[in-house]
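Heads up, the thing below is written out as structure tokens.
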Amino acid sequence: MSSSRGFKRAGAFALGLVATGASVVTAGPCDIYSSGGTPCVAAHSTTRALYKAYSGALYQVLRGSDSTTLDISPLSAGGVANAAAQDTFCNSTTCVVSIIYDQSGNGNHLTQAPPGTASSGTDPGGYDYQASAIGAPVTLNGQKAYGVFISPGSGYRNNAASGTATGDESEGLYAIFDGTHYNGGCCFDYGNAEINSGDNGDGHMEAIYFGLGTGYGTGSGDGPWILADLENGLYVDSSVSVNSNESSITSRFVTAVVKGNSDNHWAVRGGDATSGSLSTYYSGIRPTNGPYNPMSKEGAIILGIGGDNSNWAQGTFYEGAMTSGYPSDRTENSVQANIVSAGYGVGALNHGPAVTVGSAISLRATTSCCTTRYLAHTGATVNTQVVTSSSNTSLQEEASWIVHPGLGNSACYSFESVDTPGSYIRHSNFELLVNADDGTKLFSEDATWCAQAGLNGQGNTIRSWSYPTHFFRHYDAIGYAASNGGPSDFDSTDSFNDDASWVISDAFA
Ligand code: AHR
Ligand code: AHR
């Protein structure tokens, strides 16, 4: 009897399909974890429902124009997020992700992370910043959705989660990340952390980490890698510092898995979220260089930060979940098959009037004070200056820029100074500067800009790729990468849309 029930369950599990009227909805990742006996206790995604029956809110956006919010739900139960509702709500203003809802029913929602012992939080309220709602466009089987683009200084947390593993209880974690968005800062994590935002010692965390970070072990090559943040150390092995089972991650979309059992056993797995299966990088005993056995998990949930609110990392999160119990490899393999079938693809980062690579352009301010002023530079300082076709050549060249594929992401743009070849507009401390390309990853990302329709309806607004809540803005005739409200005077919301909208034309020179 019991074996025939088991067989029937395995059959439905393997098929993973449930007919609902005319349409067929596939079992989601959390249906699969449930079938495997390790149900999700937290399920987060801004791109899609993680249960076939889930039709509630996926996330909430907060818009800059009037500080009102909107919940974004799937288009249908089990389906892809209604990105069009976000686009309509956020039209002609800026939006951030204010809540990532828990789909598991446990109420384990993620919100702006509070200060921690490592960092007091960076926004004016002392919390971490919230992510731009448009920094990480994707498609799922062709349908548009948005991920959560974490820049340094931003992060989400829930320090009062329920149902998550504590102490040495077992759990599983998976997440889908952008394999091209990372850095070496601590710590782009998703998973289990301290409930007081402090570093409470080895074994007080069990989270997935993605990036270049070193803190105990890495995979082979130059990175990035999927590692486990177990507190005071990032691991993908318990005894060797370079685990050659894991090479540098090269796929655009990454499935990352970390799981911890209650019997001195844990594992790290990963793969390409768009094809193929998961590899096991490590499965074995806990690290012996600290009190990692038994574990002292606390059950809070972090996204984009370390356990102590170390908030210097960057990365993109599309979906993820935490389970109760140690999922089998077989269950995770079925989750990976579901992820592949979700059909993640790259979304468009640019909108509005076309910006042409290879062209030379000038950018005219549109604020009523300043419609004869153009984005220019004096030495390293980016400013606006009044320029006409009868201005002298050097002034015309100061206001002229060559459009290149973005140095940090070729889907967007970099702007090279016509009169200073090899120097580009970059942000540093959110001021715009013209600096020589020094070949670093930080420079290339600081110098990468995406274009969207002008916030005031004129021309283009130019958005930082690496900090998509920041835009080209003139303020007292100086150029900044400003946010629509923020800690600096140049973040003023007064005339933000006008100051951040530029009419692009052929270059003066
Ligand atoms: O384990 C790496 C990091 O170390 C943790 O995320 C953080 O809490 C501590 O600073
Ligand atoms: O402009 C913000 C940051 O400031 C840049 O990414 C970095 O170069 C500087 O620290």
Side-chain angles (χ1 to χ4, degrees), residues 113 115-119 122 128-129 150-155 157 159 181 183-218 225 227-236 258 287 289-292 295-298 300-315 380 382 407-408 424-433 435-438 440-449 463-473 479-483 486-488 490-491:
T117 54
S119 171
T122 25
D128 290 343
Y129 288 108
I150 299 285
S151 305
S154 39
R157 191 166 193 128
N159 277 343
H181 185 209
N183 67 8
C186 182
C187 282
F188 182 72
D189 286 352
Y190 173 71
N192 197 317
E194 291 93 343
I195 56 175
N196 64 349
S197 301
D199 177 348
N200 295 337
D202 299 0
H204 285 252
M205 294 178 64
E206 187 169 68
I208 308 169
Y209 167 88
F210 184 70
L212 299 170
T214 54
Y216 174 73
T218 63
W225 303 282
L227 306 172
D229 190 342
L230 303 179
E231 188 53 284
N232 297 317
L234 306 172
Y235 294 85
V236 64
V258 168
N289 62 334
Y292 292 108
M295 292 287 281
S296 310
K297 296 174 222 181
E298 297 192 21
I301 307 173
I302 51 172
L303 171 59
I305 50 176
D308 55 6
N309 195 44
S310 291
N311 62 1
W312 301 281
Q314 64 184 24
V382 173
L407 297 171
Y424 296 81
I425 302 177
R426 62 87 62 94
H427 61 86
S428 181
N429 296 321
F430 302 113
E431 296 175 8
L432 294 183
L433 299 176
N435 281 169
D437 178 5
D438 63 10
T440 62
K441 177 172 160 63
L442 181 67
F443 182 92
S444 68
E445 295 176 351
D446 287 350
T448 297
W449 306 93
R463 181 177 81 249
S464 165
W465 173 76
S466 55
Y467 289 84
T469 54
H470 290 254
F471 305 85
F472 274 14
R473 191 246 178 103
Y480 296 95
S483 59
S488 300
F490 56 77
D491 297 320

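Order of listing sets the numbers, starting from 1, for every ligand and every atom in it. The figures that follow rest on heavy atoms only: side chains count, while hydrogens, waters and symmetry mates do not.
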Interfacing atoms of ligand 1 (cut-off 4.0 Å, heavy-atom, Cys186)
3 (C)
Students should be able to answer this: which protein heavy-atom is nearest to atom 4 (O) of ligand 2, and at what distance?
Asn429 N, 2.7 Å
With backbone taken as N, CA, C and O and side chain as the heavy atoms from C-beta onward, which portion of Ala207 lies under 4.0 Å from ligand 1: side chain, backbone, both, or neither?
neither
Can you name the atoms of ligand 2, numbered from 1 with element, that are less than 4.0 Å from a heavy atom of Arg426?
8 (O)
Nearest 0.5 Å, please: how far is NE2 in His427 from CD in Glu445?
9.0 Å
For Gly307, atoms of ligand 1 separated by under 4.0 Å from a heavy atom
5 (C), 6 (O), 7 (C), 8 (O)
Ile425 CD1 to Ser464 OG distance, which is reported to the nearest 0.5 Å:
12.5 Å
Search all heavy atoms of Leu407 against all heavy atoms of Ala447 and return the closest pair with its distance.
CD1-CB, 4.2 Å
The test is side chain to side chain contact (heavy atoms under 4.5 Å, CB included); show your working for Tyr190 and Ile150 and say whether it passes.
CA-CA 12 Å; Tyr190 173 71; Ile150 299 285; over 6 Å; no
Any nitrogen or oxygen of Gly233, side chain or backbone, less than 3.5 Å from one on ligand 1?
yes
When you measure from atom 10 (O) of ligand 1 to every protein heavy atom, which one gives the shortest distance, and what is it?
Asp308 OD2, 2.6 Å
Nearest 0.5 angstrom please: Asp229 CG to Ile302 CD1, how far?
6.5 Å
Atom CG of Leu432 and atom CH2 of Trp449: how far apart are they, to the nearest 0.5 Å?
5.0 Å
Rounded to the nearest 0.5 angstrom, the NE2-CD1 distance for His204 and Ile195 is 10.5 Å
Centres of the Phe430 and Tyr467 rings: under 6.0 Å?
yes
To the nearest 0.5 Å, what is the distance between CD (Glu431) and CZ (Arg426)?
11.0 Å
Does an N or O from Glu194, backbone or side chain, lie closer than 3.5 Å to an N or O of ligand 1?
no
With the threshold set at under 4.0 angstrom, would you say Tyr467 reaches ligand 2 through any of its heavy atoms?
yes
Relative to the heavy atoms of Ser310, which atoms of ligand 1 are at a distance of less than 4.0 Å?
10 (O)
Look only at interatomic distance and state if Leu442 has a nitrogen or oxygen under 3.5 Å from any nitrogen or oxygen of ligand 2.
no
If the cut-off is 4.0 Å to any non-hydrogen atom of Ser428, which atoms of ligand 2 fall inside it?
1 (O), 4 (O), 9 (C)
Are Gly215 and ligand 1 in contact, using a heavy-atom cut-off of under 4.0 Å?
no
Quick one: do the Thr117 and Asp199 side chains pair a donor with an acceptor below 3.5 Å?
no
Looking at atom 6 (O) of ligand 2, what's its closest protein heavy atom, distance included?
Asp446 OD1, 2.6 Å
Could you label the plane-to-plane angle of the Phe490 and Tyr480 rings as parallel, tilted or perpendicular, counting under 30° as parallel and over 60° as perpendicular?
parallel
Among all protein heavy atoms, pick the one closest to atom 2 (C) of ligand 2 and tell me residue, atom and distance.
His427 ND1, 3.2 Å
Tell me the protein heavy atom at minimum distance from atom 9 (C) of ligand 1, and give that distance in Å.
Glu231 OE1, 3.0 Å
Is Asp199 in polar range of ligand 1, meaning some N or O pair under 3.5 Å apart?
no
Does at least one non-hydrogen atom of Ala118 fall below 4.0 angstrom from an atom of ligand 1?
no
Show me which atoms of ligand 1 lie under 4.0 Å from any heavy atom of Gly306.
6 (O)
Out of curiosity, is Met205 lining ligand 1, as in a heavy atom under 4.0 Å away?
yes
Location of contacts on Asp229 toward ligand 1, heavy atoms closer than 4.0 Å
side chain
What are the two closest non-hydrogen atoms of Ala207 and Asp189, and how far apart are they?
CB-CB, 4.1 Å
Heavy atoms of Leu227 and Val258 approach each other most closely as O-CG2, 4.1 Å
